[in-house]
Structures are given as C-alpha cells and as structure tokens.
Amino acid sequence: MFWERLLRLDRRWIFLFVAVSVLLPLLFNLECHQVPTPIVRGIFDKLESLPPGSHVLLSFDYGPSTVPEISPMAHAVIRHCLERDLKVVFMALWATGQNLLTSTVDSVVKLEFPHKVNGTDYANFGYKAGNQGVINVIATDFYKMFTTDISGMPARTMPLMEDVENMSDMSLIISFGGGFPGIKEWVQFAGDVAHVPVAGGCTAVSAPLLYPYYPQQLIGLMGGIKGAAEYEAMLTHTYPKFDPLPKRGMLAMGPQTVAHLVIMFFIVVGNLAYFLSRSHKAKA
Amino acid sequence: MGFVLIFAFFIPHHPFDALGEDVTVFFDIVAVFAFILGGGNLLRMHGNHIYTRHKDRWFSAVTLAGFLLMLFAGLFKIGQEGWCGAVDQPGAWFNNIYTATFDPLQSTMYALLAFFVASASFRAFRAKNREATILLVAAFIVLLGRTPAGDYATDWLPDSLSIFKVSNLANWIMSVPNLAGQRAIVIGIALGVVSLSLRVILGVERSHLGTDKS
C-alpha cells in the first residue's frame, strides 16, 4: 500500500530534498525580510546607547563547526562597535576560537576599518586556557591573565587599555558561542560579580538553554542564523553604508526558511501516512 | 582550595578576595598542565590500539598522526617568519592545517546534522498520543516562527489577534513554557553541583581520584 511504503521511505530521498532546499535558495540569493525581536534589539540598543570610547569585550567562544551561525553575528557586532567608535577588546575562551578571531580581525577590522589602530582602537588578546577560571581572574585583574596581546604587545602600554583594570571597566561583554565555557559562564563569573551587562550570540540549539538569563542577567541574545539576520537588518537600516557588504546572516535565512518548510512537509506527510495506514489496517 | 573560593565568593573582603584570586590563578596553571595530561592519555590510548592491532587501529593511527603533526607545527612554529610569533598568522603551518583540514571537517560534521534532523523528524514526530501531539504542535510553531514564512503566513491577522501570529506564538513558547522548564532544570543542576562539590571538598566523594571507595 502507498502510505505504508511512504512510511518506509528511504532516508536518502529526504537527504536529497534537504540538499536541494538548501542549495537552490543559495544559488538564487533568496533574501528574506527580517522583523527584529526584542531579545536581539536589546543588544543593538545597548551598543547604540554607549558613548564613543566605551570598552566592549568580545569573546570568541566557539569553533569552526558553528561558524556559519555565529560568524555573521560576530561580524555585524564588530562593524557596529567600530562604526560607533567603541574600543573593542577581543579574546577567546575556546582554543579553536583564536584562529577564528584572528581571521575575523583580518577580514573585518583590518579590511573594512583600515583607519582603526591595533592597540588604540582594538586589541586581540587571543585564547587563554582555564575556562571560567580566566573570567574569574580578569573580573578583578585583567593583566594577571593577559600580559600581552597575540602579537606580543604589552597590554599595559596600550592606549586602549589605559582606563582598564578589570571587568568593571568594560561597558559591555558579548560572548559568541553557546557551549562551555561561554555565555552562561560570562553571566555567572563576570556579569553578576562585576555588574557588567552581558549579551550573547549562540547557535539556535543553544538558545533555549539561555532564555532563563534574559532579560535580568543577559541584556540580549542572538539565537542562530535568525538572530544574526535580525542584527544585520537593524545595522543596515541604521547605517546604510553597510548595505553593500555581504550579509551572511540574511543570506542564510533563505536556505533555513526553505529547509524548515521541507522538514515540516515531511512531518505532515509522515503523520498522514501513519494515520492513514493505521486506519487502513483497522478496516482490514 | 574549594573552601577558599567559597569564602572569597561570600566574603569579598581582605584577605579572602586576594586568596580567591591566587587560587584561581593556581587553577589556571593546573589547567594548562591538564593539556599535557590529556595529550599523554591520547598517545597512550591510541598507541595501545595500534600496538595490540585493535580493529580500529587505522583510525587511531590517523588520530595520532593529526595530533603529532599539529603539535609539531605549533610547538616549533613551522613556516613562521623567524620561527616565532603567533601560530595563527598566515603562512604558519599550524594556521594552514587548521584552515585547510580542521575547519572544513568540523563544519562538515555539524552540517550533516541538518540531514539527520530532517530524517529523524519524519520518522519520530508522530502524533501518537496527547503528549506527543503537544510536542509536535510546539515544534511546528517554533520551526515556522524561526523563519519569515511564519510572518508571511499570519501577517493578515488584525492587531487585536497579533498574539496568534506565528512569530509571536514561537516567542511565547520560548519565553514561557520553555523558560519554566529550563529554569527547573538549571535549579536542579545547581543543587546537584552544590551537593557534589561539598562531597568532593569534604572528601566524601573520591571517585575522581581513581577509587570508588568512600
């Protein structure tokens, strides 16, 4: 019977449908209109409210597996910070984050903001082992953990770090990555202790685990591609100069939308097949 | 050390604050040595697989080759100007291997999830009973709400019924039922962590030292 055969559908057909649903929107650059949600807008509004010269710490706590979801939001936030003349302190709690951080600094900061000076407008302190222990130490003394940046420039001699002693001197902390250590540890060991606002950007699967911290302990959260796309939409709306730049979050929403619809189609078909084959058996 | 950190947290005044900071630095130094321990353990385990001609010995050989190559490239800063500086600079072997192999391999592994999630959804998401139906409906709304398709589908609803727009329903599911469940889990985990930590600090729990005897 057709419905029973459908229930035993070879999964390679499903794989084919998913592959096509991701490929076609990518090939045709399907872009979707984004309506920013309050949880993403919280981060954007906070960065907008900071006076120029405020320090923002961006921690790259993720690996290559989650680059397609997290990099677009990291790029958008960096553009926003540098456009608003905020001082950006980069670091990583994940060993895999250092390479991603350096390539991001090279491809976004150095290319798009060539007038920004390393050590004055931004600094890349790279990865430090110790997970939440690193946060715990820099919460009270930044220089106990980071004596130099990754190029060997002494941290204390940087004009950027003149007014920075510990986490309390940061105006905002944004952690990218929802694993361990990540956003949760920044909330527990820096946000709550040093009373610094914390925000985050994470994969869509990690976002539900972080909702309990919003809005008291997390001022905002970008969850997955949708979070990144919403942030990009707000950024390009407020600063049209970024419109010609690649908006990877918004571009990735096309494949995500079609793939979600395909998955939903298969769920409906699977349930129809299940009930129809069951009623057929009952009649027989 | 555990007690020092507890005191430092609850009494953030001299001498506990300084003591707590020092202990955390000790922890970070110990954490660095854990890398050596981890590397040694990896060598021992996979070396043993190869030595005993285990059926998975070829996978172990690939693991060890990758580990030793990255270690060699990183430690000796191969390919870097003057054999010094950060290992993530263009031209460094470490960076080249990372971007040419590790990066695409990890991305590929994660990307495969999309295919398996689709296949699993087709087979597992069945409205077999009341609980499964609730789960199915919630998943359906969140799936649709995470895309602009949800907005397009329910954009015609008047403002008085905006709560029934799919994106608003998805937000409500995430910030009310999901939040309640997650909070319960987080509080449960926290209580478990407190009780286990106290058992470790007081010496009642010693299994982490290699013995299950109390």
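Here is how names work: the chains are called A, B, and so on, in the same order as the sequence lines, proteins then strands, and each is numbered from 1.
- The contact between B:Asn171 and chain A is made entirely by side chain atoms (from C-beta outward), counting heavy-atom distances below 4.5 Å.
- Between chain B and the options A:His33, A:Met145, A:Arg11, the largest number of non-hydrogen pairs under 4.5 Å is found for A:Arg11.
- Here the closest non-hydrogen pair linking B:Gln182 and A:Pro212 is CB-CG, 3.5 Å.
- For B:Phe122, the parts lying under 4.5 angstrom from a heavy atom of chain A are both the backbone and the side chain.
- Of the listed residues A:Asp141, A:Val137, A:Asn271, the one with more heavy-atom pairs under 4.5 angstrom with chain B than any other is A:Asn271.
- We find the OG-OH distance between B:Ser175 and A:Tyr211 to be 6.5 Å, quoted to the nearest 0.5 Å.
- For B:Asp103, the parts sitting under 4.5 Å from any heavy atom of chain A are the backbone and the side chain alike.
- The CG atom of B:Asn168 lies 10.5 Å from the OG1 atom of A:Thr37; values are rounded to the nearest 0.5 Å.
- Residues B:Leu179 and A:Tyr214 form no side-chain contact, since every pair of their non-hydrogen atoms from C-beta on lies 4.5 Å or further apart.
- Of the two parts of A:Val205, only the side chain, counted from C-beta on, holds a non-hydrogen atom closer than 4.5 Å to a non-hydrogen atom of chain B.
- Proximity to chain B is absent for every atom of A:Phe189, based on heavy atoms less than 4.5 angstrom apart.
- Expressed to the nearest 0.5 Å, how far OG1 of B:Thr147 lies from CE of A:Met253 amounts to 6.0 Å.
- Proximity to chain B involves both the backbone and the side chain of A:Leu7, based on heavy atoms less than 4.5 angstrom apart.
- Interface remark: A:Ser151 contributes no atoms to any contact with chain B (heavy atom separation under 4.5 Å).
- How far CG of B:Asn95 is from CD of A:Gln98: 10.0 Å, rounded to the nearest 0.5 Å.
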*asked:* Show, in sequence, the C-alpha distance, side-chain angles and deciding distance for B:Asp151 and A:Val35, and conclude whether the side chain to side chain contact (heavy atoms under 4.5 Å, CB included) test is met.
replied: CA-CA 9 Å; B:Asp151 292 323; A:Val35 182; 4.2 Å; yes
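- Among the candidates B:Thr99, B:Thr24, B:Leu113, B:Leu5, the residue making the largest number of heavy-atom pairs closer than 4.5 Å to chain A is B:Thr24.
- By the 6.0 Å contact criterion, CZ on B:Phe164 is open, its count of non-hydrogen atoms from other residues, nucleotides or ligands being 12 or less.
- No other option in A:Gly130, A:Gly152, A:Gly63 has as many heavy-atom pairs under 4.5 Å with chain B as A:Gly130.
- At a 4.5 Å heavy-atom cutoff, B:Met109 makes no contact with chain A through either its backbone or its side chain.
- Heavy-atom distances place both the backbone and the side chain of B:Val25 under 4.5 Å from chain A.
- Neither the backbone nor the side chain of A:Gln188 has a heavy atom closer than 4.5 Å to any heavy atom of chain B.
- Ranked by non-hydrogen atom pairs under 4.5 Å with chain A, the options B:Phe94, B:Phe9, B:Phe116 are led by B:Phe116.
- Neither the backbone nor the side chain of A:Ala139 comes within contact range of chain B; no heavy atom of the residue lies under 4.5 Å from a heavy atom of that chain.
- Heavy-atom distances place the side chain of A:Thr203, and not its backbone, under 4.5 Å from chain B.
- Within the 4.5 angstrom heavy-atom criterion, only side-chain atoms of B:Phe27, from C-beta onward, approach chain A.
- A:Ile263 is listed as a side-chain neighbour of B:Leu143, based on a closest heavy-atom distance under 4.5 Å.
- Here B:Arg126 contributes atom CZ and A:Ile267 contributes atom CD1; the two are 10.0 Å apart, rounded to the nearest 0.5 Å.
- Only the side chain of A:Gln34 comes within less than 4.5 Å of a heavy atom in chain B; its backbone stays farther off.
- Residue A:Trp3 qualifies as enclosed at atom CH2: its count of foreign heavy atoms under 6.0 Å is above 12.
- Interface residue A:Asp10: only backbone heavy atoms are found under 4.5 Å from chain B.
- With a threshold of 4.5 angstrom between heavy atoms, B:Leu105 does not approach chain A through any atom at all.
- What you find for A:Ser65 and B:Tyr110 is that their closest heavy atoms are O-CD2, 3.2 Å.
- You'll find the side chain of B:Phe102 reaches within 4.5 Å of the side chain of A:Pro64, heavy atoms only.
- When A:Val67, A:Leu209, A:Val269 are compared by the number of non-hydrogen pairs under 4.5 Å with chain B, A:Leu209 comes out ahead.
- The parts of A:Leu9 that come within reach of chain B are both its backbone and its side chain, each placing non-hydrogen atoms under 4.5 angstrom from that chain.
- In terms of heavy-atom proximity, A:Pro208 sits nearest to B:Met174 at CG-CE, 3.6 Å.
- More than 12 heavy-atom neighbours from other residues, nucleotides or ligands sit within 6.0 angstrom of CZ on B:Phe140.
- Only the side chain of A:Phe275 comes within less than 4.5 Å of a heavy atom of chain B; its backbone N, CA, C and O stay farther away.
- Contact annotation: the side chain of B:Leu144 never approaches that of A:His260 to less than 4.5 Å [non-hydrogen atoms, C-beta and beyond].
- The closest side-chain heavy-atom distance from A:Phe15 to B:Leu112 is not below 4.5 Å.
- Annotation for B:Phe72: atom CZ does not count as buried by contact number, only 12 or fewer foreign heavy atoms lying within 6.0 Å.
- For A:Phe265, no part lies under 4.5 angstrom from a heavy atom of chain B.
- Within the model, atoms OH of A:Tyr274 and CZ of B:Arg123 stand 15.0 Å from one another, a figure rounded to the nearest 0.5 Å.
- Between B:Ala118 and A:Val18, the shortest heavy-atom distance links the atoms CB-CG2, 3.4 Å.
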